[in-house]
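Since we're looking at a predicted model, the values are computed, not measured.
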Amino acid sequence: MSTALHIQQELAAGLLDDHASVSPKFFYDALGSVLFEAICVLPEYYLTRTEAGIFTQHLADISHAIEPGGTLIDLGAGNCAKAERLFSHLHPDQYVPIDISANHLNEAVQRLQHRYPHIEMTALGLDFSADWVLPDQVRSDRRLFFYPGSSIGNFQPDAAMSFLKKIRAACDSEGGILIGVDLIKQQEVMHTAYNDHLGITAAFNLNILRHINRLLGTDFDVRQWQHKAHFNTEKSRIEMHLEARTNLEVTWNNQRRRFIGGERIHTENSYKYTLPQFLALLESAGFGKPRYWTDKDNWFAVIYAQAI
């Protein structure tokens with residue numbers, strides 16, 4: 001089955017489900033990637049700023065915990081800026097950025113390769129949230145998987161476990177993971193982070209409909225939808241949805257889906273953990289000897305754990 005056909009089938013299945021949904025991986029077309037970079041500098045969006053502060057304050061200690069060299073595999077690399085901060089401390093022999101938005105990724109890697117010609121770079125445009133296998137050009141020894149930004153929160157807990165186990169299986173005995181995790185905190189802080197005053201998160205969420213139109217041939221009218229985000233206390237997650245403003249119908253090929261006003265398409269979850277919860281998750285996935293660093297308010301954690 002071709003990749004395009006697989007994507008179309010996945011999107012159609014999500015739209016036709018009783019509770020319509022779209023995977024957050026489809027946020028990241030060219031415009032979506034730019035909008036997310038804008039979100040990351042918003043004053044309300046504490047995640048990027050707080051994680052960056054942890055790296056600024058503790059990078060020397062983090063680098064002492066991780067043996068230099070080896071292969072740095074950057075999951076969801078985006079513009080590669082977060083991984084670039086590690087180069088001068090971790091001194092990777094090979095850098096492997098992975099992102100579903102291949103064009104955006106390739107531009108970033110071209111820039112980096114000029115700046116760091118001594119580092120072998122292998123950019124991979126693939127969907128690592130699905131079934132994936134790293135190609136032979138990715139060195140197998142001393143792989144460090146770098147997954148910042150708390151993107152692990154996009155997975156439901158059982159799927160997060162499966163994903164972490166897959167990373168563990170791709171490591172040798174000297175491999176490990178360096179991951180960012182958003183911690184449970186005051187609900188108002190979390191709510192505001194996904195409902196910024198400028199509406200950039202709303203634009204980011206709505207843009208997924210334009211991307212679906214291109215991928216599946218749907219006829220979504222973005223003006224008929226509105227952004228909704230809230231914290232689900234029972235499931236300990238932020239949920240993002242798109243809500244129909246009125247009764248409407250979406251068609252593609254020979255298929256259609258009717259939405260009534262107020263009906264929603266679920267576009268993203270962002271699970272929030274306590275530190276003990278996530279450390280237990282890593283241990284169950286096959287990682288041990290964890291080291292972790294947090295900000296002064298314990299809003300966010302950066303964790304390094306070794307494959308065992």
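- Classification of D29 and R214 as a salt-bridged pair holds, one side-chain N sitting under 4.0 Å from a carboxylate O.
- Using a 4.0 Å cut-off between a side-chain N of Lys or Arg and a carboxylate O of Asp or Glu, D141 and R139 do not qualify as a salt bridge.
- Ring geometry for F155 versus F163: interplanar angle under 30°, hence parallel rather than tilted (30 to 60°).
- Atoms NZ and CG, from K272 and N232 in turn, are 12.5 Å apart once rounded to the nearest 0.5 Å.
- Taking all atoms of both residues into account, the shortest heavy-atom contact from I152 to G180 is CG2-O, 4.1 Å.
- A160 approaches Y273 most closely through the heavy-atom pair CB-OH, 4.1 Å.
- In terms of heavy atoms, L47 sits closest to A193 at CD1-CB, 4.4 Å.
- In the hydrophobic clustering of this structure, I177 groups with L279; members are Ile, Leu, Val, Met, Phe, Trp, Tyr whose side-chain heavy atoms approach within less than 4.5 Å, directly or through other members.
- Between W252 atom CH2 and L16 atom CG the span is 4.0 Å, to the nearest 0.5 Å.
- In this structure, the side chain of Q8 engages the main chain of L215 through a donor-acceptor pair within 3.5 Å.
- In this structure a side-chain-to-backbone donor-acceptor pair under 3.5 Å is missing from R237 to Q156.
- With P97 as the partner, the side-chain contact (heavy atoms from CB on, under 4.5 Å) test is satisfied by one option alone out of V109, L72, T122, N106: V109.
- Interatomic distance, H89 NE2 to H64 NE2, rounded to the nearest 0.5 Å: 8.0 Å.
- Taking hydrophobic clusters as Ile, Leu, Val, Met, Phe, Trp and Tyr residues chained together by side-chain heavy-atom distances below 4.5 Å, F145 shares a cluster with L124.
- Contact between S63 and L90 at its shortest, heavy atoms only, is CA-CD2, 4.0 Å.
- Of all the heavy atoms in A229 and N195, the pair that sits closest is O-ND2, 3.4 Å.
- L144 and L75 sit in two unconnected hydrophobic clusters of ILVMFWY residues. Membership requires side-chain heavy atoms under 4.5 Å apart, directly or through other members.
- At a cut-off of 3.5 Å, with distance as the only test, a side-chain donor of Y194 or S270 sits close to an acceptor on the other residue.
- Side-chain polar atoms of E37 and S33 form no donor-acceptor pair below 3.5 angstrom.
- Taking CZ from F259 and CG from L242, the interatomic distance works out to 9.5 Å, rounded to the nearest 0.5 Å.
- Applying the side chain to side chain donor-acceptor pair (under 3.5 Å) criterion to K82, with sequence neighbours excluded, gives E51.
- In this structure, a donor-acceptor pair under 3.5 Å is present between the side chains of T267 and N205.
- Hydrophobic cluster membership is shared by V222 and Y28, with clusters built from Ile, Leu, Val, Met, Phe, Trp and Tyr side chains linked at under 4.5 angstrom.
- In this structure, A301 and T294 approach most closely via the heavy-atom pair CB-CG2, 3.9 Å.
- Separation of atoms CZ (F26) and CD1 (I7) is listed at 5.5 Å; rounding is to 0.5 Å.
- Residue pairs meeting the side-chain hydrogen bond (donor to acceptor under 3.5 Å, both in side chains) criterion with at least one partner in residues 157-174, sequence neighbours excluded, are D131-K166.
- To the nearest 0.5 Å, atoms NE2 (H211) and CZ (F220) are separated by 13.5 Å.
- No continuous path of ILVMFWY side-chain contacts below 4.5 Å connects Y271 to I238, so the two sit in separate hydrophobic clusters.
- E243 is linked by a salt bridge (Lys or Arg N to Asp or Glu O under 4.0 Å) to R264, counting only residues two or more places apart in sequence or in another chain.
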